[in-house]
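Input: a single structure, listed below in structure tokens.
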Amino acid sequence: EVQLVESGGGLVQVGGSLRLSCATSGFTFDDWVIAWFRQAPGKEREGVSCFSVSDGTTNYADSVKGRFTISSDNAKSTVYLQMNNLKPEDTAIYYCAAELDAVAAYCGIVDGEYGYWGQGTQVTVSS
């Protein structure tokens with residue numbers, strides 16, 4: 001059974017940092033793409049970043065480029081999202097998602113491309 005468990009959310013001041021973790025189990029980690037999405041109150045879910053474990057391909061939303069970094073610890077089957085210089089507009093529930101890697105050198109941040117989702121972790125940035 002595929003399982004994704006997010007952690008690391010919390011309350012942080014503007015300009016602060018957080019590191020989110022997505023611990024995975026139930027599948028061969030190397031063969032999958034892991035992504036982060038977020039949903040703010042009253043808004044649609046949006047893609048933040050993704051990581052192809054097999055070849056290290058990454059992708060970022062324009063709104064987080066230069067501030068967020070996605071990485072993995074393959075030994076722990078875990079993907080991280082390091083978030084720096086946080087802004088109030090980063091406040092949202094952050095979800096990790098996973099799907100089998102079907103296209104070489106590509107990962108997308110469109111939620112329809114992912115079939116497995118975690119429960120989410122709340123990130124609140126106070127001004």
Show your working on side chain to side chain donor-acceptor pair (under 3.5 Å) between Ser54 and Asp30 and close with a plain yes or no.
-> CA-CA 5 Å; Ser54 63; Asp30 290 356; over 6 Å; no
May I ask whether Tyr114 and Val48 are part of the same hydrophobic cluster, defined by side-chain heavy atoms of I, L, V, M, F, W, Y residues being less than 4.5 angstrom apart, directly or through others?
-> no
Look at the side chain of Ser77 and the backbone N and O of Ser25, then say whether any donor-acceptor pair between them is shorter than 3.5 Å.
-> no
More than 12 heavy atoms from other groups under 6.0 Å of CD on Glu89 = yes
Determine whether Gln39 and Tyr95 make a side-chain contact, defined as any pair of heavy atoms from C-beta on separated by less than 4.5 Å.
-> yes
Would you say Phe29 and Thr78 make side-chain contact, with heavy atoms under 4.5 Å?
-> no
For Cys107 against Phe51, the heavy-atom pair lying closest together = SG-N, 3.7 Å
Kindly give the heavy-atom pair with the smallest separation between Cys50 and Ala35, and that separation in Å.
-> CB-CB, 3.7 Å
Is a donor on one side and an acceptor on the other found under 3.5 Å between the side chain of Ser49 and the backbone of Asn59?
-> yes
Any donor-acceptor pair under 3.5 Å from Tyr60 side chain to Arg67 backbone = no
Flag the pair Asp62 and Lys65 as a salt bridge only when some basic side-chain nitrogen lies within less than 4.0 angstrom of an acidic carboxylate oxygen.
-> yes
Ser17 side, atom OG; Phe68 side, atom CZ - distance, nearest 0.5 Å = 9.5 Å
Side chains of Tyr106 and Asp101: does their closest heavy-atom pair fall under 4.5 Å?
-> no
Any link between Leu86 and Val14 through a network of hydrophobic side chains (Ile, Leu, Val, Met, Phe, Trp, Tyr) touching at under 4.5 Å?
-> yes
Taken to the nearest 0.5 Å, the spacing of Arg19 CZ from Ser71 OG works out to 7.0 Å
Could you tell me the separation between the CG atom of Leu4 and the SG atom of Cys22, rounded to the nearest 0.5 Å?
-> 4.5 Å
Leu20 side chain near Arg38 side chain, heavy-atom distance below 4.5 Å | no
Is it possible for you to say whether Val53 and Ile70 belong to one hydrophobic cluster, with membership spreading through side-chain heavy-atom contacts below 4.5 Å?
-> yes
Backbone N/O of Gly115 and side chain of Glu99: donor-acceptor pair under 3.5 Å | yes
To the nearest 0.5 Å, atom CH2 of Trp32 lies from atom OG1 of Thr24 at 9.5 Å
Are Ile34 and Val5 connected in the hydrophobic side-chain network, where two residues link if heavy atoms are under 4.5 Å apart?
-> no
Any sub-3.5 Å donor-acceptor pair from Ser52's side-chain atoms to Thr57's backbone N or O?
-> no
Hey, does the side chain of Glu6 reach the backbone of Gly120 with a donor-acceptor pair shorter than 3.5 angstrom?
-> yes
Answer whether the closest heavy-atom distance between the side chains of Met83 and Val12 falls below 4.5 Å.
-> no
Under a 4.5 Å cut-off applied to non-hydrogen side-chain atoms, are Thr91 and Gln122 in contact?
-> yes
Can you hop from Trp117 to Val33 via hydrophobic side chains spaced under 4.5 Å?
-> yes
Going through the checks in order, is the side-chain contact (heavy atoms from CB on, under 4.5 Å) test met by Val79 and Cys96?
-> CA-CA 9 Å; Val79 170; Cys96 72; over 6 Å; no
Rounded to the nearest 0.5 Å, what's the gap from CZ on Phe27 to CG on Leu100? Could you check?
-> 9.5 Å
Nearest heavy-atom pair of Pro88 and Ser127: which atoms, and what distance?
-> CG-CB, 4.1 Å
Reported CD-to-CD1 distance for the pair Glu46 and Ile109, which is rounded to 0.5 angstrom = 8.5 Å
